Protein chains: 4
Amino acid sequence: MHLVLDLDSEVPIYQQIRDRVVEAIADGLLAPGASLPSTRQFAVDLAINFHTVNKAYDLLRREGIIRINRKSGAVVHPDVRRATAELRVGVDWEQRLRTLLAEAVVRGVPEGEVLTYVRTTLEGFAKQSEGGGQG
Amino acid sequence: MHLVLDLDSEVPIYQQIRDRVVEAIADGLLAPGASLPSTRQFAVDLAINFHTVNKAYDLLRREGIIRINRKSGAVVHPDVRRATAELRVGVDWEQRLRTLLAEAVVRGVPEGEVLTYVRTTLEGFAKQSEGGGQG
Amino acid sequence: MHLVLDLDSEVPIYQQIRDRVVEAIADGLLAPGASLPSTRQFAVDLAINFHTVNKAYDLLRREGIIRINRKSGAVVHPDVRRATAELRVGVDWEQRLRTLLAEAVVRGVPEGEVLTYVRTTLEGFAKQSEGGGQG
Amino acid sequence: MHLVLDLDSEVPIYQQIRDRVVEAIADGLLAPGASLPSTRQFAVDLAINFHTVNKAYDLLRREGIIRINRKSGAVVHPDVRRATAELRVGVDWEQRLRTLLAEAVVRGVPEGEVLTYVRTTLEGFAKQSEGGGQG
DNA sequence: GTGGTCTAGACCACT
DNA sequence: GTGGTCTAGACCACT
């Protein structure tokens, strides 16, 4: 489980961890049920404080993406689709995507280019997931 | 120029204003060269602090999306494509889109559905722009 | 003795077991003197660690709700009313109920609706107990 | 805004703050729109660390009970009923009430006594709210 | 002046 | 050994 942080970014570190973990799951690098590093170990790996990892894990837990157990630590939710689908994040998601696409339009990026990027990214996730490891 | 804010959102107000303005431009509601409300008037309309509008406009200016003139006020940059294209926002944009798409994948949204949503949104922007623009 | 656990809940597993057992007694499914599953069997049934069941049983024992005997295993306390009444849990109970009712009020649930729910639940317990109990 | 904490309780301090604030709102001591103390000031008043207050406020915010603004601080959500009603906490609430009622039944508290306590508590909230202050 | 983030370290609870 | 809570203090972002 390797992941790159940008300590100079305006995006809080705990949010970056959350985002990278979500991508790792989509990539198939972390399969449902797979273990995440312990908060303390991950903090050492990332050279940050364990409280920051804690906050990221708490965020992922509240989103239904991971499950946390005091003994066995954090794992990707075994039924992550169901656990996340229950939350009413859809509206927010569509709004964020709309904003992103508007930025591309304003910057004059051709529609076809955006679509290709979306398609390629989605296919990348799909491909990875097929063969996907157990983390 | 009407726009809806969510005061309960985690997204800062100034960021929401910036996002909605970008969408309004993509929608063709604000053509290149078109005037934005004065910061004071906009603040009254939105029932928020004048400094918050100021901050949003400053952000848009730094992104090359609008131009601010002491006399004529804020206008959409006449050559917004060129002005924005020069900035190195591409990498960040791709990263944010990648995170958004990963969320959809994790939540089990079918690839076709995501693509349809992207295509529909882009076409909505294109259609609006055709009739509306003056640039 | 069947009981449903929510592994994603913030409520610890041992607490959930304790709560469900209390409800089973109120429901008349477990009469005073009735046997509970052995800790090991229960752990297998619930697919959890044996120590967790142990902790739940210990909690119930300290509350005067069950009795644990090395030979006969765990049974609902034969005189559960007396054994539990002696403990000074009243204050805590009232505080917890007060918090719950405050939540309903804040959420705008009509007083009549709350009362009906309370009455219905209590009657459900009473009905079950009549036919079921042996105490 | 005065509130009593039990530092020896198993209930985390931030949870106690959250519970007492909810009760203060139901009591009408804190009307919708009313200000809560700043995190730092509240921490001094309660003789605890401001991070703990921060966590309580964050919990209340995520529940839709309060609204937090970097400038004006925390206020009871102006439309707290709507903001909290949107969340799917109903099921959890009913489960917790069911457990509480089961405890009363097991302890042999007469049904009438429980109902009276519920009614009295609800009426206490209602009465306070009618004349209710602006905090 | 307000809340938000991050670091640092102690101690506790769960398993 | 794991995560959870609390304290303590620094610095930053928003308004």
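Since we're looking at a predicted model, the values are computed, not measured. Reminder, nothing fancy here: chain letters follow the sequence lines and each chain counts from 1.
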Colleague: Can you check the Gln15(A) CD to dT5(E) P distance for me, whole Å?
Modeller: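 Computing the Gln15(A):CD to dT5(E):P distance gives 9 Å.
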Colleague: Give a yes or no answer on whether the side chain of Thr84(D) reaches the backbone of Val80(D) with a donor-acceptor pair at less than 3.5 Å.
Modeller: yes
Colleague: Could you work out which one of dT7(E), dT15(F), dT5(F) sits closest to the side chain of Pro12(D)?
Modeller: dT5(F)
Colleague: For the pair made of CG in Leu59(D) and P in dG4(E), what is the distance, rounded to whole Å?
Modeller: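 Rounding to the nearest Å, CG of Leu59(D) and P of dG4(E) are 13 Å apart.
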Colleague: Rounded to the nearest angstrom, tell me the gap between atom CZ in Arg67(A) and atom C1' in dG3(F).
Modeller: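 It works out to 16 Å between those atoms.
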Colleague: Roughly, in whole Å, what's the span from CD in Gln16(B) to P in dC14(F)?
Modeller: 13 Å
Colleague: Keeping Asp27(A) on the side-chain end and Leu29(A) on the backbone end, is there a donor-acceptor pair under 3.5 Å?
Modeller: no
Colleague: For dC14(F), give its Watson-Crick or G-U wobble partner with both distances under 3.5 Å, or none.
Modeller: dG1(E)
Colleague: Pick the closest DNA chain E nucleotide for Asn69(D) and for Ile13(C) by heavy atoms, then say which residue is nearer the 5' end.
Modeller: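 Looking at the nearest nucleotide for each, Asn69(D) comes out on the 5' side.
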Colleague: Quick one: Tyr57(D) OH to dT2(E) C1', roughly how many Å, whole number?
Modeller: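 One finds 12 Å between C1' of dT2(E) and OH of Tyr57(D), rounded.
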Colleague: Run the numbers on Gln95(C) and Glu23(D) for side-chain hydrogen bond (donor to acceptor under 3.5 Å, both in side chains), then give the verdict.
Modeller: CA-CA 10 Å; Gln95(C) 176 58 77; Glu23(D) 288 162 27; 2.9 Å; yes
Colleague: Please write out each protein N/O paired with an N/O of nucleotides 10-13 of chain F under 3.5 Å, distance rounded to 0.1 Å.
Modeller:
none

Colleague: Reckon Asn54(D) has a side-chain N or O less than 4.0 Å from the OP1 or OP2 of dG4(E)?
Modeller: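 For dG4(E), OP1/OP2 do have a side-chain N/O of Asn54(D) under 4.0 Å.
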Colleague: So, taking the atom named CG in Leu59(B) and the one named CD1 in Ile65(B), what distance separates them when rounded to the nearest 0.5 Å?
Modeller: 7.5 Å
Colleague: Rounding to an integer number of Å, can you tell me how far Arg61(A) CZ sits from dT2(F) P?
Modeller: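 So the two atoms are 19 Å apart, to the nearest Å.
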Colleague: Any side-chain N or O of Thr52(A) less than 4.0 Å from the OP1 or OP2 oxygen of dT7(E)?
Modeller: yes
Colleague: Going by an N to O cut-off under 4.0 Å, is there a salt bridge joining Arg107(A) and Glu63(B)?
Modeller: no
Colleague: Expressed as a whole number of angstroms, how long is the span from Leu7(B):CG to dC14(F):C1'?
Modeller: 15 Å
Colleague: So which one's nearest nucleotide on DNA chain F is more toward 5', Ile48(D) or Leu36(A)?
Modeller: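 It is Leu36(A) whose nearest nucleotide is closer to the 5' end.
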Colleague: Tell me if a side-chain donor or acceptor on Trp93(B) pairs with a main-chain N or O of Glu103(A) at a distance below 3.5 Å.
Modeller: no
Colleague: Looking only at side-chain atoms of Ile68(D), point me to the closest of dT15(F), dT7(F), dG3(E).
Modeller: dG3(E)
Colleague: Salt bridge or not between Glu10(B) and Arg61(D)? Use side-chain N to carboxylate O under 4.0 Å.
Modeller: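 Here Glu10(B) pairs with Arg61(D) in a salt bridge, since their nearest N and O are under 4.0 Å apart.
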Colleague: How close or far is atom P of dG4(F) from atom CG of Asp58(D), stated in whole angstroms?
Modeller: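 Between P of dG4(F) and CG of Asp58(D): 15 Å.
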